[in-house]
Amino acid sequence: MQIKKHFIACIALGVAFTGCELPKSPDFRTSHKVEAPVMYNKTFQFMGDSTMSVMIDTTGSDFDSLFTVDGEDFITISKEQDFNFGELNDAIPVIDVDPTSFDAAVGEIEITDFSSGSGNLGEANFQQLTGIDPTFINAGDPVPNQPPVTPEVTIDLSTDLFESATFKDGSLVITIENNLGFNLDDINVTLVSDPDTTSSGDEIDIANGNSGTINDDEQASIVIPFLGCSANPSNCQLYNPNVRVSIEWTGGTQNFQREPESLIVVSAVGENLSASQISAALDAQDFSTSSTATFSNEEFEFTDANHFIRMKAGEIDIDPIQNDLEFSIDVTIDFPDIRNCPASVASGIPEVTSVNPLQIAYTEANGTEISRAGSSNRVTIPLTECEVYATNNEVTFTISAATENTKNAPQGDQIRVINENQSVASSVTISGLEIERATGVIKQQTVLLNDDDPADLDDDLALFNDNEAEITEIDGLNDLSSQLSNLNFTNPILSINYETNISVPTTIYGAFVGVNGDGEQVYLRGTGSGFDVDPSDPISGLLKDAGDPLDADEMIKFSLAENLNGDNINATIQFDRTNTNVDVFLNNLPSEIRFIGKAVVNEDEEVATIIDPLNFDPRISVDIPLRLSTTQPITYTDTVEQDMSGVPSPENGDDQSITEGIIAIDYENGFPLGIDLVVTFLDSLQNELSPVSVQLDDIALQAAPIGADRFSDHENPTSGTIEIALSEEQLDQLYLTRFLEISASLQTTNNQDVKIRTSDFITLSVRAELTIESEVK
């Protein structure tokens, strides 16, 4: 009994028998049956971390982040990592604006007043006009008849506001008052130019007019028109103006109403009178022009009044305006197409007088008036956050200038010379434009989504050029394939998850190839839903290797989500077996996925809004729900150390031997799969035992009941006991055992479609029933 008790104690310590020795006694043989637990109620979950007994350890270094639980504990094999799709900001159109200049010519000069006098610019007396001595004329005397020859009298006009002019159009209106004491039939007036006041011989008759009937003590306006000035400029040149007058009357029928005095030139005023050049004291003269800055239409077209650019950066530079006029001037530059600028644009820039729309003004009011023979400062206006409305790719601005009113100048400084060809000029440059947001017709842009290898000297991308392809490592899938052979996923999903603010229609054309651990390649391709690529699509430049273009059926295309407002959104492009061959792609268990591609932005050149910066942050995600069916067993294989050198065997020179042995396996199976176990005993070189192999097979564990949801019923797992007898020859080989290879083959019942949860389990109890024969000496 002592021997039996000691041996049973050794068995109870575990499967390994090393270190146990049987006591010696007198010669005889004994035979005993013993039962010892080898493993008691050991539960294995399908997947879990290293703190549990699991078939697949999801926390191993190769499986980090590979497995996640989705929903009610059913398994999804997943892998997500950043995926560098390249720089889509290259798709933002560049706005180029041609520099422009403006030249605001004075143009026609308007003339109004010729004198600041008080109603008498000059006069001719009675005797000068009639040749009659007025000394002997009294009121009531009869008016004599007009003599055959009536004197002409030149009146030198007092025009302190005017010296000379070359007229272009309009009229001079001369108003005359009759103070001669009788009624006149007519007053004939000739406008005379006297460029040389020292010699009357230089007088030039310009034009004439007449008053018609004018009674005593009345006024009449005589219009002197300037006609044909362009054909005969000399007829329209006026220097130191005089008028030569003569009168007509009817005598004998009227009496003098009073003692005669004179004929007075009351005023000389311009009526729509313009000149090309003048030396005079002038009211403020307004002149203006428009200029246009043109945007390139190679990348953007603004075809509607509502199309605009909101600027992230940029500026307007206005070169100094040189004033060569004899007047100080106010200059205003209006940019009606530049609107909604922030108030900060005017900060520190006194010339900015409005930000909506933008207006630049050099005026006396803000202290930036441009003085005579002076110039303005150079002005730089930032355009940050301004909106530019560039219909037909043009920005128009208007330059308005106004001269000072020299009539308000001190005496002696009122007369100035001005010519219609004189101008104020400058150049305007719109530069450094960076778009924050733009709405218009964006021309089609093509952007490479991978870095082009500079060694290639081309714009092509090659899928198997490591310097160009984006390579995503799916470490766990390769390891999974080595653990679970014959795995066939029925509904895998490959997703591109991304965050973006892209509001322009964008289509990605690219190639995904999955390469497994054996170097086998499968290309992801569309099978409908707009993912399939047509040979006519813009796919040129995408190669396998240098010079070897990809075929259309080796590529895939997809469009980014519609996002008209340019908000930051999260979206997913999902490839599943209904729209791609992703089941074939992922059942190849790729250890790496290679990608090359290009983005075609606004392929149909629609009206769209683009925002800078373009935010596009993609991640590639592999999601493989373990919802599977099998036509061949899924095999899990592992090798564990199990030193059985302490098992007695006559081949090892022991006096003890095991004459009979049975391994009993009690189980509860919570998997929706049937399980076949095979246990193979291996020697120190991990070879099967020789010359007699010891292998436990035909261990069939029945699947758990499967519900309508295709999951197993954990409340009612399938249970049973399997007994396996070892032959005497096998028992004699056990002492050579150093390792056990355990293979579990999982198979659906009748190839049913099932789902597996992380909590699916199997519980095993293993015990040995052995008959020991010992020789006691």
Side-chain angles (χ1 to χ4, degrees), residues 83-97 295-314 340 383 385-393 433-450 459 461 470 496-510 526 529-531 533-534 536-542 555-574 595-619:
F83 194 58
N84 183 11
F85 258 0
E87 183 56 77
L88 273 182
N89 276 331
D90 293 342
I92 298 174
V94 176
I95 299 295
D96 292 323
V97 183
F295 284 57
S296 169
N297 62 0
E298 292 183 359
E299 295 181 307
F300 249 134
E301 284 187 356
F302 301 96
T303 57
D304 186 272
N306 293 321
H307 294 171
F308 74 98
I309 311 164
R310 182 178 172 86
M311 294 299 176
K312 183 171 71 175
N340 300 319
L383 292 178
E385 298 184 27
C386 294
E387 293 177 356
V388 178
Y389 290 78
T391 306
N392 298 323
N393 287 52
L433 298 184
E434 296 181 24
I435 295 173
E436 178 182 303
R437 186 185 187 97
T439 297
V441 177
I442 302 167
K443 293 299 188 73
Q444 182 184 123
Q445 306 285 323
T446 299
V447 183
L448 296 182
L449 298 178
N450 307 76
D459 291 327
L461 296 174
E470 173 70 13
I496 303 297
N497 305 316
Y498 61 91
E499 179 183 348
T500 187
N501 66 348
I502 295 176
S503 56
V504 185
T506 300
T507 301
I508 306 294
Y509 293 89
S529 301
F531 292 151
V533 176
D534 190 90
S536 62
D537 286 331
I539 56 176
S540 62
L542 299 179
M555 303 176 67
I556 196 165
K557 72 177 179 182
F558 54 92
S559 297
L560 301 189
E562 183 176 286
N563 181 23
L564 298 180
N565 294 324
D567 301 322
N568 269 320
I569 63 171
N570 290 289
T572 296
I573 304 294
Q574 181 171 290
F595 170 81
I596 59 169
K598 59 184 178 180
V600 180
V601 179
N602 211 23
E603 188 170 345
D604 296 329
E605 298 191 349
E606 303 170 356
V607 173
T609 296
I610 196 166
I611 296 172
D612 183 27
L614 289 181
N615 172 28
F616 186 62
D617 181 18
R619 299 170 302 281

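- Rounded to the nearest 0.5 Å, atoms OG1 (T391) and CD (E301) are 12.5 Å apart.
- N565 places no side-chain N or O within 3.5 Å of a backbone atom of D567 that could act as its donor or acceptor partner.
- The one candidate from V533, D534, I539 that meets the side chain to side chain contact (heavy atoms under 4.5 Å, CB included) condition with S536 is D534.
- Interatomic distance, CG of D604 versus CD1 of I442, reported as 13.0 Å (0.5 Å rounding).
- Side-chain atoms of T572 do not come within 3.5 Å of backbone N or O of Q574 as any donor-acceptor pair.
- For E298, the side chain to side chain contact (heavy atoms under 4.5 Å, CB included) partners are S296, not counting sequence neighbours.
- For E605 and K443, the salt-bridge test fails: no basic side-chain N is under 4.0 Å from an acidic carboxylate O.
- Counting all heavy atoms, side chain and backbone alike, Y389 lies closest to N306 at CE2-O, 4.0 Å.
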Check against side chain to side chain contact (heavy atoms under 4.5 Å, CB included), M311 and L433 = CA-CA 7 Å; M311 294 299 176; L433 298 184; 3.8 Å; yes
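- N450 places no side-chain N or O within 3.5 Å of a backbone atom of L461 that could act as its donor or acceptor partner.
- Checking side-chain atoms of N297 against main-chain N and O of N393 turns up no donor-acceptor pair under 3.5 Å.
- With E434 contributing its side chain and A313 its backbone, the two residues share no donor-acceptor pair below 3.5 Å.
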Test ring pair (Phe, Tyr, Trp, His ring centres under 6.0 Å) on F558 and F531 and set out the steps.
-> CA-CA 6 Å; F558 54 92; F531 292 151; 7.1 Å; no
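- Looking only at side-chain heavy atoms (C-beta outward), Y509 and T507 come within less than 4.5 Å of each other.
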V441/F300 under side chain to side chain contact (heavy atoms under 4.5 Å, CB included): CA gap, chis, key distance, verdict | CA-CA 6 Å; V441 177; F300 249 134; over 6 Å; no
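- In the model, E387 has a side-chain atom that pairs as donor or acceptor with a side-chain atom of N340 under 3.5 Å.
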Side chain to side chain contact (heavy atoms under 4.5 Å, CB included) assessment of F295 paired with V388 = CA-CA 11 Å; F295 284 57; V388 178; 4.0 Å; yes
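- No more than 12 heavy atoms of other residues, nucleotides or ligands sit less than 6.0 Å from atom CD of E562.
- Considering all non-hydrogen atoms of both residues, T303 and H307 come closest at N-ND1, 3.0 Å.
- Between I508 and A599 the shortest heavy-atom distance is CD1-CB, 3.7 Å.
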Please step through side-chain hydrogen bond (donor to acceptor under 3.5 Å, both in side chains) for the pair N563 and S503, ending with a clear verdict.
-> CA-CA 5 Å; N563 181 23; S503 56; over 6 Å; no
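- Of all heavy-atom pairs between S540 and K598, the closest is O-NZ, 2.7 Å.
- The CD1 atom of I573 sits 13.0 Å away from the NZ atom of K557 when rounded to the nearest 0.5 Å.
- In this structure the side chain of E436 never reaches within 4.5 angstrom of the side chain of I611, judged on heavy atoms.
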Derivation and outcome, side chain to side chain contact (heavy atoms under 4.5 Å, CB included), residues R437 and I309 = CA-CA 6 Å; R437 186 185 187 97; I309 311 164; over 6 Å; no
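- Side-chain atoms of N602 never come within 3.5 Å of backbone atoms of V504 as a donor-acceptor pair (strictly under, hydrogens ignored).
- Contact detail for E606 and P505: the closest heavy-atom pair is OE1-CG, 3.7 Å.
- In this structure, A561 and I569 approach most closely via the heavy-atom pair CB-CD1, 4.1 Å.
- Between atom CG of residue N501 and atom OG1 of residue T609 there is a gap of 11.5 Å, rounded to the nearest 0.5 Å.
- Side-chain contact between Y498 and N570 is absent, with no heavy atoms from C-beta onward closer than 4.5 Å.
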